[in-house]
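In what follows, every chain begins at residue 1, and chains take the letters A, B, ... in the order their sequences are listed. None of these values were measured; they are calculated from a predicted model.
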Number of protein chains: 2
Amino acid sequence: MPGMDPRRLLIFRTVVRNGSIGAGARELGWTQPAVSQHLAALEKEVGTTLLLRSSAGVTPTEAGSRLAQHAEAIAAQLEAATEELADLTALRRGTVRFGTFPSAAAVLLPPVLSRLRETAPDLDVTFEEIEPPDAIAKLREGELDLALVFRYPCSDVDAEGTLEWSPLLEDRVMAVLPQDHPRAEDPDLTLADLAEETWVAGCERCRANLISSARTAGFTPTVRHSTDDGVVAQRLVQHGGGVALLPETVLEATPVEEVVVRSLPGLDSRMIGLLNRRGAQAIPAVAAVRDALVAEAAPRTSSAVMI
Amino acid sequence: MPGMDPRRLLIFRTVVRNGSIGAGARELGWTQPAVSQHLAALEKEVGTTLLLRSSAGVTPTEAGSRLAQHAEAIAAQLEAATEELADLTALRRGTVRFGTFPSAAAVLLPPVLSRLRETAPDLDVTFEEIEPPDAIAKLREGELDLALVFRYPCSDVDAEGTLEWSPLLEDRVMAVLPQDHPRAEDPDLTLADLAEETWVAGCERCRANLISSARTAGFTPTVRHSTDDGVVAQRLVQHGGGVALLPETVLEATPVEEVVVRSLPGLDSRMIGLLNRRGAQAIPAVAAVRDALVAEAAPRTSSAVMI
DNA sequence: CAACGATGCCAAGTTCTGCTTATGACCTGT
DNA sequence: ACAGGTCATAAGCAGAACTTGGCATCGTTG
């Protein structure tokens, strides 16, 4: 770090621009001796006379004019910095790197983006489909600003730690049966009644939820197929591949007519929410995206948790 | 003036470069809370969160990284400024605008310039022939850094005021007679003996000196010709145009064989010296030129006045 | 799993920077 | 000669800012 106080450099600049110490002091809102002392200190710091004093004011020496030029450049840089920061805080600029899990990408994201185009037109939102575990990693490494993730009650509280979790809405898990299933329309159907079925499991974490739910219902599911694609899962069910548990948003995003969707007692919901590094909510651009998401999620479920 | 303390900006920069507040503090030679407080103040000043804190250190927000970039630019500018100043004080750079009166330009200047080429090869000396009165004006206006001027004892102390005078050497005034002058070789010749002669006067100030000297010798000279060119004056004397008073340096610079040069009692000397704005001696480049001139002038006369 | 080491923040105390007021010197112009 | 401009210096005081000490949190390690 150079041994020159940059504040004094700026003071020096205003003095040079004004042609006299007193005038510079007035512009700074200070008294003349204050500025005079600063200039003396600056000259001591740089070890050279910068100004020739006379009763008519001051004129810079050669070293003084060169230094004043540098000071001008620094002042301009400061000006630019404050302006850029103002733009960032006023959302006239800013980028948010946003990651969401696939099914939310289909359902929630488009309206949110269009909402943002209105409220913060100059905000750049770069968006990425990403599974929750990877999202957590990327958030930690600072490669992502905000992530829309889901979590099942059974899942450990994750390694939150430095991350911040804001629940958005509850995504009910539904049972999906083939149309010709004998109890497809049975109003008294429970999860335990499906103990002997073969199952189509979803992604790894959805499968964990299936197993957890089944355990509390008293059985261990026989998993025949595994896919994290909602359509594939439903088609498998449709064609007799088994039964499945799928979240409501997935079923809403990619409805398949030829299957029966049932809400069963004892099925958990998964929570959909936002994840970000602790403190990132303070970043205006991030907050803007969060607000848009909250506004979009609110009407979707009465049990939505506001933040 | 932007409302952001540039020192804090530099502190912020070192913290970002180090990845943690503590490490930044160590580099600055401070304690961690000191830096922490500065960062908090900076964030308050700009109204935005700049760093995301974690137990692993800090990572800049978007605003933080942009600001850090500006801070880098400012630091570089400061670095460049200190370097340039160091060059100026070390005489690795620098320009001196130097003015001298004509006859000195011929005699003193060439050796001085060659001397400077050795001691300060990267020093720019721009040189200008200028009469003392004009030199004073240009010094006042800051268009000249240093001037070599002469002054006669009779001349008022000039309007020194804000200017600084350093005597260099004494320039004796000599009488110039035609070779066929009846008393050309008379060892007892005095100025009073030339009362009835007609005179060739020099420049305005030299003429003033002639009149002043003549008055103390008891007569008023009859001036027939006037010229500020030393050669012309001597030629006029040679061809019977009259007698003249000319400074030694002029006679030395432009010797004319066919005249007789006499040192007479009661003739004043003119002082040759340096003039500069008060305080300009502190400028290294100016001091270098002055030193070279002093070194050059010293052997020329035993009565040289050192500074 | 507990302890350690790293990170950060906060509160309180003390040092010292830095601003003000007051004064004096100097040059300029009337 | 004096009034009005410039700047420097000295003394005093307030607030900034650095330090010390204590604590919370997180990640790692034995």
(request) Using whole Å, report how far CD of B:E141 lies from C1' of C:dT28. (result) 16 Å
(message) Less than 4.0 angstrom between a side-chain N/O of B:Q32 and OP1 or OP2 of C:dC9, yes or no?
(response) yes
(message) Does C:dG18 have its OP1 or OP2 closer than 4.0 Å to a side-chain nitrogen or oxygen of A:R7?
(response) yes
(message) Could you report the tightest heavy-atom contact between A:T216 and A:S213, atom names first, then the distance?
(response) OG1-O, 2.7 Å
(message) Go nucleotide by nucleotide along DNA chain D from the 5' end; which of B:V35 and A:A40 gets its closest nucleotide reached first?
(response) A:A40
(request) Could you tell me whether A:T31 contacts a base, only the sugar-phosphate backbone, or nothing, with contacts defined as non-hydrogen atoms closer than 4.0 Å? (result) base
(request) Return the nearest nucleotide to the side chain of A:R278; candidates are D:dC26, C:dA11, C:dG8. (result) D:dC26
(request) Write down the distance between CG (A:D5) and P (C:dC19), rounded to a whole number of angstrom. (result) 10 Å
(message) When you compare the side chain of B:L42 with that of B:D5, does any pair of heavy atoms fall below 4.5 Å?
(response) no
(request) Give the rounded distance in Å between these two atoms: CZ of A:R26 and P of C:dT20. (result) 14 Å
(request) From the options C:dA22, D:dT19, C:dT28, select the nucleotide whose nearest atom is closest to the side chain of A:P33. (result) C:dA22
(request) Return the value, rounded to whole Å, for the distance between atom CG of A:L50 and atom P of D:dA8. (result) 12 Å
(message) I want to check one thing: is the phosphate of C:dT17, taken as OP1 and OP2, less than 4.0 Å away from some side-chain N or O of A:H38?
(response) no
(message) Quick check for you: to the nearest 0.5 Å, what is the distance between B:D134 atom CG and B:L144 atom CG?
(response) 10.5 Å
(request) Using whole Å, report how far CG of A:L39 lies from C1' of C:dG18. (result) 14 Å
(message) Rounded to whole Å, how long is the line connecting atom CD1 of B:I21 with atom C1' of D:dC18?
(response) 15 Å
(message) I want to verify a distance call: between C:dA22, C:dC27, C:dT7, whose nearest atom is closest to the A:S55 side chain?
(response) C:dC27
(message) Check this for me: does any side-chain nitrogen of one of A:R277 and A:E164 sit under 4.0 Å from a carboxylate oxygen of the other?
(response) no
(request) Check every atom of D:dA17, C:dT7, D:dC7 against the side chain of A:V58 and return the nucleotide holding the closest atom. (result) D:dC7
(message) Less than 4.0 angstrom between a side-chain N/O of B:R53 and OP1 or OP2 of D:dC26, yes or no?
(response) no
(request) Rounded off to whole Å, could you give me the CH2-to-C1' distance for the A:W30 and C:dT17 pair? (result) 12 Å
(request) Return the value, rounded to whole Å, for the distance between atom CG of A:N18 and atom P of D:dG5. (result) 17 Å
(request) Return the nearest nucleotide to the side chain of B:Q37; candidates are C:dG18, C:dG8, D:dT19. (result) D:dT19
(request) Indicate yes or no: does A:E131 engage A:R205 in a salt bridge with an N to O separation below 4.0 Å. (result) no
